Amino acid sequence: MSNIGVDRWVAESSEHGPKGKGWTAPARSLLDRVPSGWKLLGFLVVAAVYPFLVPQAGVRIGITALLLAMLAIGLNTVVGWAGLLDLGYIAFYGFGAYFYGAVSSDQIGVQWPTWVAIPVIVLASAVLGALLSLPSRRLVGDYLAIMTLFFAQVFLEVIVNYERLPGVDTNLTGGPNGIIGVQPWQLFGFPFDTFNRNYFLLLVLLGLVIVLLRNIDQSRTGRAWRALREDTLAAAHMTTPVNRLKMLAFAVGAAVAGLTGTVLGPVQVGVFPNNFQLLFLITIYAALILGGLGSIPGAVLGAIAVAFTPEILRNPGIAGWLFYIGVVVLLVTVLRRWRMVAAVLAGVVVLGYLVRFLSLAIWDETILGAANDTFLSGILDGWLLILGPASDVVSNYAFVLALAGVLAVTVARGWRRGALLVPTIYLAILVWENKLSLQDSVTRQLLFGAVLVVMMAVRPEGILGTRRVEIT
Amino acid sequence: MSTPILEIKDLSKSFGGLKVIQGLDLSVAPGEVLSVIGPNGAGKTTLFNIISGIYPPDSGEILLDGTSIVGSSPEQIAGLGIARTFQTLRVFLNMTVRENVMAATYGATKARMWQSALRTPKARREERETRELAEAKLSFFGERLVGYRWDQPAYSLSYANRRRLEIARAMATNPRLLMLDEPAAGMNPVETLEITALIGRLRDEAGFSILVIEHDMHVVEGVSDRVVALDHGVKIAEGTYEKVAEDRAVIEAYLGYGAAGRK
């Protein structure tokens, strides 16, 4: 330590240092000092208290979040650690769900006890995963993605169209109708037959999977996965049997997905082809990437964010908050100068009064309504043009103009950008209050998308991900 | 002379019509540093790629300690005791320095995945040993790859340190033969001197037999017990540095026909 001098100073004071920089650095370095076991315990305690604080609907959202978290963690093994772009992942989830459904309902007249069904399904999923890893021996990147996507699509086609095996008279998958009446897990005579019980079942499974996968991640297997993600050829030259490890990664991911699938059936008392559409695969990817590829806590956080955000946005008050905070945050990040921000905000206020005044003076049909009930409604009522009957047409035009304004802002530089922002922001607020906040189902998706875009722009590596360097 | 660590007999390789290596014989004795030199396109790196199992040779024999390794995969060959570095650096950039070295012990460790998942005593002991091994290998490089760097991602290392890390990683596979592909490429004069000294230590202290490709003749002069010169895949000279450096064919290969006569 004594004779390092400059090197050490560089290491500790520049971005090469372990702490990183930025305003979140103190929080992050504090978080880093907490052992991961305690973090997991803290999360489990909070998650265990959660169902007692919320109504039944909240527990359902919690179940969705936990299912998504399990899936994201399993996917992380394949994509985040081993670096294999697997778009067939959803099929393993479906395989587990359908397998469990078939042996735990009246569908084919078989009722396996849970303690038999679960190990068999997990093992079968792993074998299926290992089989799907075969193309990854030769294909990587985009090509592997296309190949595995094909597999996901084949799986859907098969469960919908080939419900009967040739020569067998039993309807295996229920075709487009799926399997109904799936029985809950039952261990030691205890049935997991309520939402709360399934929630806790999932929580325990999640904790278990997290611990096991974390241990694997920190072992020779995890290191070898990451090595082959970084540089497959170099990994092979460092004694890593590449193909076996790819197979292992696929198998582990598939096993987790299959296990997760076995809980889906009991939760919704059925499994349906709709559960395994590609849109849901993208949701899993969104959770994983939002949370930070390669990080287990990230995957859990991402899943929670993706599951809860659309639900929170159902509340128009919160959606309104988010909209106005988003406007201010964007304004600050786009302009980066306080004086400019103040000028633009002042411009927006002036423009608002001007438009209101002119409209009242010129246009006979101007009938003012009241702004939506948010924290700003008192101010908005006296400032914004809240239109009554004519609102739809006007706000449709305003919507298009606002979008054009946003596009123009991204191109403009300097004071032009500030000048363009004034009408753009005014139009955005106009559209928001007159149109968007009234149609919450559409707006929810728009806002959710916007939240995702902003998140990824601010932290491309995800909430808890670490920055990855490709070539330096 | 005892049996060579590496013995190559009549090796040939063509890519389509291009004969990259033709009838090459070469051997590395235990504890020897053999340098392979030659102008660009002479087939040096291809030779490394064939030995380490990336391409199969068209014909010929490669013996490691008297056993043929032709047809084995890269990971098998690495496991048998041939480790290499790459001309274009291929460290695992987004893993820590220590992990880079630990990753090279996969073939030598045994913990099954379920044992690691359950952290059985055996798996934990092996993990601890792996960590100690990696730290020992990194310590070989003295203050260049010293303690506080171990937990940093490899991308934060300087170019020269990445080269050192690659050598440390190769050492961790516990090889009998170390193949270094242009270890001094892109280094400044001071670093080049350090690399020269390092290769000497790798032979004398760590006891590796070393096959090295190098363009920097100061390094070649400083480290080589013997030198082999290639041109268009054919061995044109072999012997001590002094002998090869003055060889007419070698000078002509580098400087063109007739250059040797002028002086």
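Throughout, a chain's letter reflects where its sequence line sits, starting with A, and its residues are numbered from 1. Every value quoted in this text rests on a predicted model; they were computed, and no experiment measured them.
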Inter-residue atom distance A:T239.OG1 - B:I77.CD1, 0.5 Å rounding: 13.0 Å
Minimum heavy-atom distance B:Y106-A:L245, with the two atoms named: OH-CD2, 3.8 Å
Side chain to side chain contact (heavy atoms under 4.5 Å, CB included) evaluation trace for B:I54 with A:H237: CA-CA 9 Å; B:I54 298 180; A:H237 278 95; 3.4 Å; yes
Partner chain A: residue of B:R124, B:M102, B:R84 with the largest heavy-atom pair count (under 4.5 Å): B:M102
Selection from B:A117, B:A123, B:G53, B:G107 maximising heavy-atom pairs under 4.5 Å formed with chain A: B:A117
Structural part of B:T130 lying under 4.5 Å from a heavy atom of chain A: side chain
Straight-line distance of B:S116 OG to A:R214 CZ, nearest 0.5 Å: 12.5 Å
Reported CZ-to-OG1 distance for the pair A:R223 and B:T96, which is rounded to 0.5 angstrom: 9.0 Å
Any donor-acceptor pair under 3.5 Å from A:R220 side chain to B:A111 backbone: yes
Spacing of A:R226 atom CZ and B:N94 atom CG [to the nearest 0.5 Å]: 10.5 Å
Interatomic spacing from CZ in B:R90 to CG in A:D231 - rounded to 0.5 Å: 4.0 Å
Reported CG-to-CH2 distance for the pair A:N215 and B:W114, which is rounded to 0.5 angstrom: 13.5 Å
B:A83 portion near chain A, given a 4.5 angstrom heavy-atom threshold: neither
